[in-house]
Amino acid sequence: MAGKFTEPARIGAIVLAGLLPGLLIASPALAQTRAMPTADDYARAAKFLPQNANPLVDHAVERVSWLDDDRFWYRDHDANGDRFLVFDAKTGKAAPAFDHAALAQALTAAGKGGKPAKAGKLPVSGIKLLADGRVEVATTAGAFVCAGKACEAKLAKKQEPGVASPDGKKEAFVRDWNLWVRDLASGAETQLTSDGATDYGYATDNAGWKHSDNAILVWSPDSTKIATFQQDQRKVGEMVLVKTNVGTPVVERWKYPLAGDEHVAMIERVVIDVAAKKTVRLKMPADFHRSTCSDDIVCDNGWEDVQWAPDGRTLAFVSTDRGHKSAQLRVADVATGEVRDVYRETVVTQYQSNTALSSVAWRYLPESNEFIWYSQKSDWGHLYLHDLATGKEKRQITSGQWNVDGIERIDAQTRTLWFVGNGREPGNPYYKHLYKVSLDGGDVTPLTPEAADHAVALSPGGAWFVDAYSTTAQPTVTVLRSAADGATRQEIARADIARLQAIGWQPAEEFTVKARDGKTDLYGLMVKPANLDPAKKYPVIVYIYPGPQVGSASNYRFSTAFRDGQSLAQLGFAFVAIDGMGTPWRSKTFQDVSYANMADNTLPDQVAAVKQLGERYPWFDATRVGMWGHSGGGNATATAMFRYPETFKVGWAESGNHDNLNYEDDWAERYHGLLEKKDGGGSNYTGQDNASIAKNLQGKLMLVHGTMDDNVPPYMTLLVADALIKANKDFDLLMIPNARHGYGSGAAGLYVTRRRWDYFVKNLLGVEPPAQFELKVAE
């Protein structure tokens, strides 16, 4: 580490009591606090922010994008900057994807007088190989076409975002509430529907918390038909936000259904014949705007709950009820609109078609008259093969006390399925691995043997996969492997952290503790204080995200920073993140702990973990514990301060959904249940809000929110502020003008980070931070 902290100062209990009003902290622990962090200490801590620390890792290839069956592109990085390469799996060789100097020159020319672009810092987001051998490069400044040592800007009109057809010849888009199609060669546009109306449009993208101009649809494999919907939001309530500006305020207004509302968004399913401009409405009632994969109808890979038959004659889809308790698989005849119910699963809590709630793990296999269904009915997420005609189960494809995390590929000829799973191998159950299994029965074959977290990308043809594996302590190793047996064909890159270690970086450490029940193992990670002296006491900061769709740590792969954990360790804190009960990737029982009780927030487990870690490590000061979190973590932080003041003394709550009756309908109703009024007043949502318990505040609490947060509206935080005022409680409030849900890595984000450090330094270390230190991103 470059430099050391000054020795801890012995501060009298009387002085400390004055510095820390309202905090219940023992004097002996306080007497061993650090001297005031200096500006140099903050500058050193800033080096470990993700945007500063990540560039210090060389050759960390964590993601690749396949261009065809045998070639993929990726970004390599070292001290000289970035290189974009195309790797050929057949030859085992990599070559530059384009002339970097030529693209830098083209970007500079397109910038019209701005800073010259650098060949080692190109803002590339995508690469596509064109049929004539040229390369199209997508950048933040637009698309460029490169050939040899020349790159030219690709002129493009400002157009509505479209969804490209499988043959690449056209794209569908939304305009004025109707669906259109655009010929990509000529630019000619054709209107496909004409009865779309305000708030009753085709393919519209609005999940309440998300609202965009994107089109939500699925093309048929032969590019002749489109499956989509007409979304009815005419009776749905509105969300209103007002920008901060000089002059007449600018108002943003859009449809945002809340939990418990009488009217929510409904979708009327349709199939459109593009050439004939004919719309066929499926013969069924409107469905709720729901999915089996998330609190939106869009999953990681699009509208995955809709799947075409290879011949384009039928369409399979899943209808989900408003409370997510049932999932109904249906098949439609796209010519007639007739719909047949195939299979239905109903659960007590909520049904999801993937352990991670990111993608779907069911598949439509009409050619063999089968379908694959994902279920947690055994208490673990597994795959089952069903007869498509009768819906009856034919066999269980996977089994055991572990989870299928997602389907990667199915080979219909060999009836082989590749999938990602977690918890099957000894050790950390959160590590992801790739496996293959036969649809006709037999053992599961592991393809990624290393005890690590594996991020895989299979080639389109199925012969290869790229595997980037790591742990919290082991940097990423990226290899090309055979999809048949997992054999390593070639190492692509091995991350080098020498430059990171040179500035004092230390790996996060994995640990286990017992849950609230004293039996269940919980997993977490810790970044210990820099230059730890076991004879001293160090305050603790718990980072939290309570789920239920993700956890605080969630993955245990290599990270240079883990939020700002590395930075906080440099300032003298122990940083921990614990995946408590109520989060995914474990059993269904484990995840459902918080169902219908969102105020649980994994907090009993956080309290139990802090106590155990304090007993395990003499230097871990369980009497000086702070917590911070964002969104659901902001909600959980405030709840911790109100419900467990004996454990959590300082809280930093960002953008919290502090009352789920004031949040979008899908998320809250999925995890807390539909609104149920009770005799004598109240409902099943009574008491889950932080405003109702704000009067219990004892420690120091900062509430933070962006004033234009269109995910979690800022009124959430103001409801808590109002309750604290009425209870005559002191608290702190930071409203960020015009900021959305995330504050970004620019000035606002850096300001919030610095203020968060200041807050913990002052209220947990008990000393004044350097005045108005300015965090910066390294050039």
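In this structure a side-chain-to-backbone donor-acceptor pair under 3.5 Å is present from Asn684 to Glu676. Between the side chain of Ser552 and the main chain of Tyr545, a donor-acceptor pair closer than 3.5 Å is present. No donor-acceptor pair under 3.5 Å is formed between the side chain of Asn354 and the backbone N or O of Ala361. Between the Gln606 side chain and the Ile578 main chain, a donor and an acceptor come within less than 3.5 Å of each other.
Contacts of Phe760 classified as ring pair (Phe, Tyr, Trp, His ring centres under 6.0 Å), with partners at least two apart in sequence or in another chain: none. Qualifying side chain to side chain contact (heavy atoms under 4.5 Å, CB included) partners for Ala207, counting only residues two or more places apart in sequence or in other chains: Trp209, Lys210, His289, Asp296. Listed by chain and residue number, Arg175, Arg182 satisfy the salt bridge (Lys or Arg N to Asp or Glu O under 4.0 Å) test with Glu189 (two or more places apart in sequence, or in another chain). Remark: Ala327 engages Thr292, Val318, Tyr351, Trp373 in a side chain to side chain contact (heavy atoms under 4.5 Å, CB included) (not counting sequence neighbours). Every side chain to side chain contact (heavy atoms under 4.5 Å, CB included) that His211 has, sequence neighbours left out, goes to Asn206, Trp254, Asp710. Evaluation of the salt bridge (Lys or Arg N to Asp or Glu O under 4.0 Å) rule for Asp659 yields no partner, not counting sequence neighbours.
For the 3.5 Å distance criterion, the side chains of Ser375 and Glu345 qualify, holding a donor opposite an acceptor. A donor atom on one side chain and an acceptor atom on the other are found under 3.5 Å apart for Asp564 and Trp757. Asp305 and Trp362 are linked by a side-chain donor-acceptor pair at a separation below 3.5 angstrom, with hydrogens and angles left out of the test. Using modelled atom types, one finds no donor on one side chain facing an acceptor on the other under 3.5 Å when comparing Glu171 with Ser165. When only modelled atom types and interatomic distance are considered, Gln231 and Thr204 share a side-chain donor-acceptor pair under 3.5 Å.
Screening Asp689, Asn690, Asp600 for a side-chain hydrogen bond (donor to acceptor under 3.5 Å, both in side chains) involving Thr639 leaves a single residue, Asn690.
Ion pairing between Arg754 and Glu774 fails under the 4.0 Å rule for side-chain N and carboxylate O. Between Arg670 and Asp666 there is no salt bridge, since no side-chain nitrogen of the basic residue lies less than 4.0 Å from a carboxylate oxygen of the acidic one. Under the 4.0 Å criterion applied to side-chain N and carboxylate O atoms, Asp592 and Lys588 are assigned as salt-bridge partners.
For CG of Asp176, the number of neighbouring non-hydrogen atoms (other residues, nucleotides, ligands) closer than 6.0 Å is 12 at most.
Taking the six-membered ring for Trp and thresholds of 30 and 60 degrees, Tyr430 and Trp585 have ring planes more than 60 degrees apart, a perpendicular arrangement.
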